[in-house]
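Report on one structure; see the data block that follows.
Chain letters run A, B, ... following the sequence lines, proteins first and then strands; every chain starts at 1. These numbers come from a predicted model, not from an experiment.
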Amino acid sequence: MKIATFNVNGVNGRLPRLLEWLEEARPDVACLQELKTSDATFPEAAIRDAGYGVLWHGQKGFNGVAVLARGTDPIESRRGLPGDAADTQSRYLEAVVDGVVIASLYLPNGNPQPGPKFDYKLAWMERLIEHAATLRDCGAPVVLAGDYNVVPTDAVADIYSTRSWKKDALLQPESRAAFERLQAQGWTDALRALHPDAPLYTFWDYLRQRWQRDAGLRIDHLMLNAPARERLQAAGVDKAVRGREKASDHAPAWVVIS
DNA sequence: ATGCCATGGACACCATGA
């Protein structure tokens, strides 16, 4: 089973690129983020025509997450993270496909930092850690896939250079500490586990020729609980997708579990 | 400190992103 995560940065504007990637990569499950569309304007028909069942949680203008499953309808298990009834941002959608629990998550960016947006990011991470504790032991393989908006380390394997990013929310010690606590709870960073030293960038800013210079960041992750980790066969980034016309600023990342 | 690029909303300028 191939499970992928892809921040599309606008699902309607990106639809030709998304369909092209689904056709060539043929993921069994695709978690999308940054739909930037309301529920009513989500391109359901085009995605079903491509052979995918789909769940989505949209939001007008911003955010928005979806779970696609090839040849079947994902079964929804949760819409929105628990822990804050006042949170209206569409950033978490969880489903079961073929006995595997899969979440599509879009963690808050958190800039500018410090400030209320950074506070929201850290609070959201606490809620994620709390919910992940219950998922970890649910008995099924679980994959938490998405745009975490956290660069795990300063190593060149995670970021081309920290010079322009030192004050960015993606690199702050508080963001990293929360990400590390999620891992310590029993979640494996699948791409890094299989490729300990390789650069695995998933985001290249549109600004300043960052794609052309391969000035990337690793911020999209697939986190696996122990039953999923035991079945992990392969993992990678579809880097070429970022180099196309009208590309998202993110590339898809994926795992294969047996 | 700012602009650099891109998306989408409800406009031909703004909010947001990372």
Pairwise C1' distance for B/dA15 and B/dA10, with rounding to whole Å: 12 Å
Round to the nearest Å and state the distance from A/Q212 atom CD to B/dC5 atom P. 11 Å
SB check A/R218 A/D189 (cutoff 4.0 Å): yes
Only pairs at least two apart or in different chains count here, so list each salt bridge (charged side-chain N to carboxylate O under 4.0 Å, His left out) that has a residue in residues 96-110 of chain A. none
Strand-adjacent residues in residues 119-127 of chain A, judged by heavy atoms under 4.0 Å from DNA chain B: none
Any side-chain N or O of A/Y160 less than 4.0 Å from the OP1 or OP2 oxygen of B/dA18? no
A/D147 near the nucleic acid: base, sugar-phosphate alone, or nothing, with a heavy-atom cut-off under 4.0 Å? sugar-phosphate
Salt bridge or not between A/R127 and A/E130? Use side-chain N to carboxylate O under 4.0 Å. no
What is the separation between atom CZ on A/F203 and atom P on B/dA6, rounded to the nearest whole Å? 12 Å
For nucleotides 10-16 of chain B, give me every protein contact, N/O to N/O, under 3.5 Å, one pair per line with atom names.
| from | atom 1 | to | atom 2 | distance (Å) |
| --- | --- | --- | --- | --- |
| B/dA10 | OP2 | A/K60 | NZ | 3.1 |

At under 4.0 Å between heavy atoms, what does A/Q209 touch on the DNA or RNA strands: base, sugar-phosphate, or nothing? nothing
Would you classify A/N7 as touching base, sugar-phosphate or nothing, given that sugar-phosphate means primed atoms plus P, OP1 and OP2, and contacts are heavy atoms under 4.0 Å? sugar-phosphate
Does one side chain, of A/W254 or A/D238, offer a donor that lies under 3.5 Å from an acceptor on the other? yes
Quote, to the nearest angstrom, the P distance that separates B/dC14 from B/dC4. 15 Å
Donor + acceptor pair across side chains of A/H250, A/D220 (<3.5 Å): yes
With sugar-phosphate meaning primed atoms plus P, OP1 and OP2, does A/N9 contact a base, only sugar-phosphate, or nothing at under 4.0 Å between heavy atoms? sugar-phosphate
Are the charged groups of A/R176 and A/D158 less than 4.0 angstrom apart, N to O? no
Output yes when A/K2 and A/D28 qualify as a salt bridge under the 4.0 Å nitrogen-oxygen rule, no when they do not. no
Might you work through the salt bridge (charged side-chain N to carboxylate O under 4.0 Å, His left out) test for A/D214 and A/K239, ending with a clear yes or no? CA-CA 10 Å; A/D214 195 24; A/K239 186 174 176 179; 3.3 Å; yes
Hey, could you give me each pair passing side chain to side chain donor-acceptor pair (under 3.5 Å) that has a residue in residues 50-62 of chain A? Not counting sequence neighbours. A/H57-A/S90, A/Q59-A/N63
Can you see whether A/Q185 engages A/W187 through a side-chain donor-acceptor pair at a distance of less than 3.5 angstrom? yes
Under-4.0 Å salt bridge between A/R244 and A/E20: yes
Rounded to the nearest Å, what distance is computed from the CG atom of residue A/D249 to the P atom of nucleotide B/dA6? 10 Å
What distance, rounded to whole Å, do you find between the two C1' atoms, one in B/dA12 and one in B/dA1? 27 Å
Base, sugar-phosphate, or nothing for A/Y148, non-hydrogen atoms under 4.0 angstrom? nothing
Just the rounded figure in Å: distance from P of B/dG17 to NZ of A/K167. 20 Å
Taken to the nearest whole Å, CD/A/Q113 to C1'/B/dA18 is 13 Å
Distance check needed: B/dT7 P versus A/N109 CG, whole Å only. 18 Å
For A/L207 and B/dT2, give me the distance from atom CG to atom P, rounded to whole Å. 16 Å
Starting at the 5' end of DNA chain B, which residue's closest nucleotide do you reach first, A/G61 or A/D205? A/G61
How would you label the glycosidic angle of B/dC11: syn (within 90° of 0) or anti? syn
Please collect all side chain to side chain donor-acceptor pair (under 3.5 Å) contacts where either partner lies in residues 115-124 of chain A, sequence neighbours excluded, each pair once. A/D87-A/Y120
A/K246 NZ to B/dG8 C1': how many Å, rounded? 11 Å
Here the residues of residues 11-19 of chain A within 4.0 Å heavy-atom distance, strictly under, of DNA chain B are A/G13, A/R14
Would A/E23 and A/R26 pass as an ion pair if we require N to O under 4.0 Å? no
